[in-house]
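Values below: every heavy atom of this structure, side chains too, minus hydrogens, waters and symmetry copies.
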Amino acid sequence: MSDHPLKTLCAGVPLAGLFFYTSTRSFPVLFATCLISTGYLSSILLLSRAKTEDVDSMGKSMKNAWGMSFLSSLGLAGLGSAGLVKKTVSTGAIRALPGVAVASGLLAMYYSGKNYQEWRELEGKEEV
């Protein structure tokens, strides 16, 4: 349950958005990638804060952090799939960058969802 994949996505997503912006001048994509990266950064900060909390409130904070990460991953997958559909329909060719965004978003959704579910189950066991 490491936050290293989140740190990688937090750094890589805006770089990909900047690369896409320099080639297409699409400001909405740049804004969306920065917003998604901010979501990942927020979840990283929540995870680091949760590690320093007492045991009673740690489960809820960890669950919230992984939930935020899941939503950011959902946004990344959605942004990538929108770009993939738009480019495929308009040009007939599949571009690599939106495909990578979709794959990264789906993998991060799985990872974040799995960790969210584990913390949710742990929090439920503590209440009993």
Side-chain angles (χ1 to χ4, degrees):
M1 293 187 301
S2 175
D3 59 349
H4 295 300
L6 301 181
K7 291 177 181 175
T8 303
L9 286 168
C10 183
V13 168
L15 290 177
L18 187 62
F19 171 75
F20 191 77
Y21 175 74
T22 57
S23 64
T24 63
R25 298 289 180 211
S26 175
F27 184 74
V29 172
L30 180 64
F31 179 74
T33 55
C34 289
L35 192 64
I36 291 168
S37 180
T38 303
Y40 282 126
L41 181 62
S42 299
S43 63
I44 291 167
L45 293 174
L46 282 171
L47 284 171
S48 65
R49 191 185 84 189
K51 290 176 184 175
T52 61
E53 290 181 353
D54 59 342
V55 177
D56 294 334
S57 61
M58 186 169 118
K60 185 173 183 169
S61 295
M62 291 293 253
K63 187 179 76 165
N64 290 341
W66 287 113
M68 174 70 96
S69 171
F70 182 83
L71 291 176
S72 299
S73 303
L74 181 66
L76 179 61
L79 179 68
S81 62
L84 192 63
V85 168
K86 181 181 175 189
K87 286 294 180 184
T88 304
V89 168
S90 65
T91 63
I94 296 177
R95 303 283 299 218
L97 191 57
V100 169
V102 170
S104 299
L106 291 175
L107 287 172
M109 278 175 60
Y110 172 75
Y111 182 72
S112 300
K114 183 174 79 73
N115 286 319
Y116 176 83
Q117 186 66 31
E118 287 176 6
W119 280 103
R120 190 172 138 201
E121 289 172 0
L122 285 175
E123 187 180 40
K125 288 180 183 177
E126 292 174 1
E127 292 175 0
V128 173

Check your understanding: Among all residues two or more places apart in sequence or in another chain, which pass the side-chain hydrogen bond (donor to acceptor under 3.5 Å, both in side chains) test with Ser72?
Key ->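 Per chain and number, Ser72 pairs via side-chain hydrogen bond (donor to acceptor under 3.5 Å, both in side chains) with no residue.
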
Can you see which heavy atom on [X] is nearest to which on [Y], and at what distance?
| X | Y | value |
| --- | --- | --- |
| Thr38 | Cys34 | OG1-O, 2.8 Å |
| Gly17 | Thr33 | CA-OG1, 3.5 Å |
| Met62 | Leu47 | SD-CD2, 3.4 Å |
| Tyr116 | Gly67 | CD1-N, 3.7 Å |
| Val102 | Ala77 | CG2-O, 3.8 Å |

Main chain of [Y], side chain of [X]: is a donor-acceptor contact present, judged purely on distance under 3.5 Å?
| X | Y | answer |
| --- | --- | --- |
| Ser23 | Phe20 | yes |
| Ser104 | Val100 | yes |
| Ser43 | Met68 | no |

Check your understanding: Under 4.5 Å between any side-chain heavy atoms of Ser112 and Leu6, yes or no?
Key ->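 The answer is yes; the side chains approach within 4.5 Å.
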
Quick check for you: to the nearest 0.5 Å, what is the distance between [X] atom [atom1] and [Y] atom [atom2]?
| X | Y | atom1 | atom2 | answer |
| --- | --- | --- | --- | --- |
| Leu45 | Cys10 | CG | SG | 8.5 Å |
| Leu76 | Leu107 | CG | CG | 10.5 Å |
| Leu9 | Ser37 | CG | OG | 9.0 Å |
| Phe19 | Leu30 | CZ | CG | 13.5 Å |
| Lys63 | Gln117 | NZ | CD | 10.0 Å |
| Asp3 | Leu46 | CG | CG | 11.5 Å |

Check your understanding: Only one of Tyr40, Tyr111, Tyr110 forms a ring-ring contact (aromatic ring centres under 6.0 Å, His included) with Trp66, so which one is it?
Key ->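 Only one of Tyr40, Tyr111, Tyr110 forms a ring-ring contact (aromatic ring centres under 6.0 Å, His included) with Trp66, namely Tyr111.
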
Review point. Among the clusters formed by ILVMFWY side chains lying less than 4.5 Å apart, do Val29 and Leu97 turn up in the same one?
Key: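 Looking at the clustering, Leu97 is in the same group as Val29.
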
Exercise for review: Spell out, yes or no, whether Leu79 and Val13 are grouped together once hydrophobic residues are joined by side-chain heavy atoms under 4.5 Å, including indirect joins.
Suggested key: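 The answer is yes; both residues are in one hydrophobic cluster.
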
Point to revise | Shared-cluster residues of Leu15, by chain and number - hydrophobic side chains joined below 4.5 Å | key: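 None, because no other hydrophobic side chain comes under 4.5 Å of this residue.
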
Point to revise | Row check, Tyr21 ring normal vs Arg25 NZ/CZ: under 6.0 Å, within 45° | key: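 Cation-pi check for Arg25 and Tyr21: passes.
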
